[in-house]
2 protein chains.
Amino acid sequence: MLVKSMEWLQDRLRLLDQTRLPKETRFLDCSDYRQVVEAIRELRVRGAPAIGAAGAFATVLAAQELGRQAPSDFRARLEQAASEIASARPTAVNLRWAVRRVLRASEGAKTPAESVALLLAEAHLIQQEDEAANHAMARFGADLLPQGATVLTHCNTGALATAGHGTALGVIRTAWEQGKLKQVLATETRPLLQGARLTTWELQQEGIPVTLMADSAAGFRVSQGGVSCVILGADRIAANGDTANKIGTHMLAVMAKEYRVPFYVAAPTSTVDLDTPTGADIPIEERKPEEVRGFAGVQTAPDGVPVYNPAFDVTPARLITAIITERGVVRPPYTESLKLLFREQQAERPGARHG
Amino acid sequence: MLVKSMEWLQDRLRLLDQTRLPKETRFLDCSDYRQVVEAIRELRVRGAPAIGAAGAFATVLAAQELGRQAPSDFRARLEQAASEIASARPTAVNLRWAVRRVLRASEGAKTPAESVALLLAEAHLIQQEDEAANHAMARFGADLLPQGATVLTHCNTGALATAGHGTALGVIRTAWEQGKLKQVLATETRPLLQGARLTTWELQQEGIPVTLMADSAAGFRVSQGGVSCVILGADRIAANGDTANKIGTHMLAVMAKEYRVPFYVAAPTSTVDLDTPTGADIPIEERKPEEVRGFAGVQTAPDGVPVYNPAFDVTPARLITAIITERGVVRPPYTESLKLLFREQQAERPGARHG
């Protein structure tokens, strides 16, 4: 059974509330775009491609609402709502990219109703393309794995983090279907435990062998040998290949380099942002101290102790063996290889600024 | 206020229950050595030097009990109990070392009562020497820090982990007293959160500025610059300098090497085991999966997911800038420099096998 992170139902967006997993399978029906913004902020829906798709559908919800009010400045107000949606979280570029893309697709609309229809069609297209991209990159990625692979992954990059199948976890799924995979080693991914809660759960659903470990134990595990590769996702890939991803990625990349384990990033081209020159230009979201002072409402650290809680880190391009996209596998030097990915799809360039 | 991990009261050992901190300050009075063994296993008392001292006092409790029963094979049964105490946890060498040391000190005893007296005197001596060693190594260590130092530490190596003052945290305390320290960066230390629960609490008690972060964020923090050094403790140092310490140490050492940050281990010579040739010979304790499947008693991962949960890892000597002991600072090549530490104290050599 492949879980779905979201589904459009007639006039509303149904989100699987990922903060409740694996204990509870609870859905959240959003008919107001502000609910989606809130759900993105609270990580009820998370994963760069998934929040991209959710942002696209949220823009449809905003247009529906404005359509009912029928203001004279419909387009301006739609763009205002869209900008609010696009800035729900700062690091993943997919959110901004998807919102811009649906807006652009609805530019020629003559009525609010037509606008809603065009926005919705484009949001569905983004969702379908993301799933197709997942399957394409999964095949490219699986080709990189040796027979009997033991693969270490971080955070959750599965069906839950995307429109379906997954990025790094999509590669793992496809390698499993091909009979190439022996086992998955999954980090728990502090502070919000997406690895412990979501990745192990997704893999268990499909009977793929998985072993859970603390983030620090995963680093040590790399040093012990027998890990075929590290493979994980991305929230934004800069033009030079520097990659923002879940906090902990950088440390795993350094361990992989030290012990000569290949380190792969799997991400759709919608995660590549050629307008961001290097990792230093990627805004890193810092989240609230309570996430580190405790978990699930249980406080463990003393009251008021100051906390450093970046949600992401930036891994320098020099530590990345290859980036797996739906258009193929790119290798260093990334400044050249990433640009080539977009040469024949100039109009689609995810990072391109429109208006 | 300096907290105390343990105190001998007439005929029993009072332990501060560290699993309850920082929420509750609860003491555990042990009059049976088996209670101490259980407390060591459950990490109610933890930290290599502290479990050494606790093991020494537990041996006194065993002798008291046997003294009351007055069996003909008193000594044999005492040694049996001592061996049970010494194996409560496998990685830290201090436990085995302290138990052997008190046994040796009581070898000449003619009666059980005399045995108890000699054991107790030696246990007190171990405790006093450990505290004195902490202060000595703290001075050596503080000399290594630059003015205005930002120091990153892992796990808890403070008064709670020792007989007082601390190893790595002792260095930090002394540097603070000397006005050299700007701030401490503390890892939370999954899975049992000794950093979040104990280190931040100890530092707060003394007004030393501390910032808490997830283990993975600490690794990233090293890459961002401005960290003067990483300093942490040890559970066993092999003859070649390979060091077993809390899981996560290895990853921090690799990050420190990658970003040219000095990486210091602070430990008394009772942690050095010349009878263990290399890190590969150090037994690594694996603890129960529940520690990783949940957080602070709240289950987070799906039922039954397999877990890899080593309590310690081994950091290769090549990644360690220097080892700070109460007899001075030793540097590579450790095979030579560690041996020199013991040259004039042959009788005291911690790892030496007796009987």
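A note on names: the letters A, B, ... follow the listed sequences, proteins ahead of strands, and every chain is numbered from 1. As a basis for the values below, the full set of heavy atoms in this structure was taken, side chains included, without hydrogen atoms, waters or symmetry mates.
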With a 4.5 angstrom heavy-atom cut-off, is it the side chain or the backbone of A:L192 that approaches chain B, or both, or neither?
neither
Let me know if A:P209 has heavy atoms under 4.5 Å from chain B in its side chain, its backbone, both or neither.
neither
Go through the atoms of [X] and report whether side chain, backbone, both or neither lie under 4.5 Å from a heavy atom of chain A.
X: B:I284; value: neither
X: B:L193; value: side chain
X: B:N309; value: neither

The test is side chain to side chain contact (heavy atoms under 4.5 Å, CB included); show your working for B:Y308 and A:R221 and say whether it passes.
CA-CA 9 Å; B:Y308 172 56; A:R221 185 64 189 76; 3.9 Å; yes
Below 4.5 Å, heavy-atom pairs only: which of [options] has the largest tally toward chain B?
options: A:D303, A:L21, A:V305, A:T199; answer: A:V305
options: A:D215, A:L198, A:D313; answer: A:D313
options: A:T315, A:V210, A:T249, A:L185; answer: A:V210

Given B:T211 and A:V307, is the side chain to side chain contact (heavy atoms under 4.5 Å, CB included) satisfied, shown in steps?
CA-CA 5 Å; B:T211 301; A:V307 165; 5.5 Å; no
Within a 6.0 Å radius of atom NZ on A:K182, are there more than 12 heavy atoms belonging to other residues, nucleotides or ligands?
no
Which one wins on heavy-atom pair count under 4.5 Å against chain A: [options]?
options: B:G219, B:G294, B:P306, B:P310; answer: B:P306
options: B:K246, B:E291, B:R293, B:Q224; answer: B:Q224
options: B:H154, B:E258, B:K257, B:K23; answer: B:E258
options: B:S223, B:G297, B:P289; answer: B:S223
options: B:G304, B:A218, B:G248; answer: B:G248

What one should report as the nearest heavy-atom pair of A:M251 and B:S216 is SD-O, 3.8 Å
Gap separating the OH atom of A:Y259 from the NE2 atom of B:H250, nearest 0.5 angstrom
2.5 Å
Checking B:L212, B:L203, B:T200 against A:P302 for side-chain contact (heavy atoms from CB on, under 4.5 Å), the one that qualifies is B:T200
Do the side chains of A:I247 and B:F220 get nearer than 4.5 Å, heavy atoms only?
yes
Tell me, with the steps shown, if A:E188 and B:V292 meet side chain to side chain contact (heavy atoms under 4.5 Å, CB included).
CA-CA 8 Å; A:E188 64 173 6; B:V292 179; 4.0 Å; yes
Would you sort out whether A:M255 and B:M255 count as a side chain to side chain contact (heavy atoms under 4.5 Å, CB included), showing the intermediate values?
CA-CA 8 Å; A:M255 288 303 288; B:M255 288 303 288; over 6 Å; no
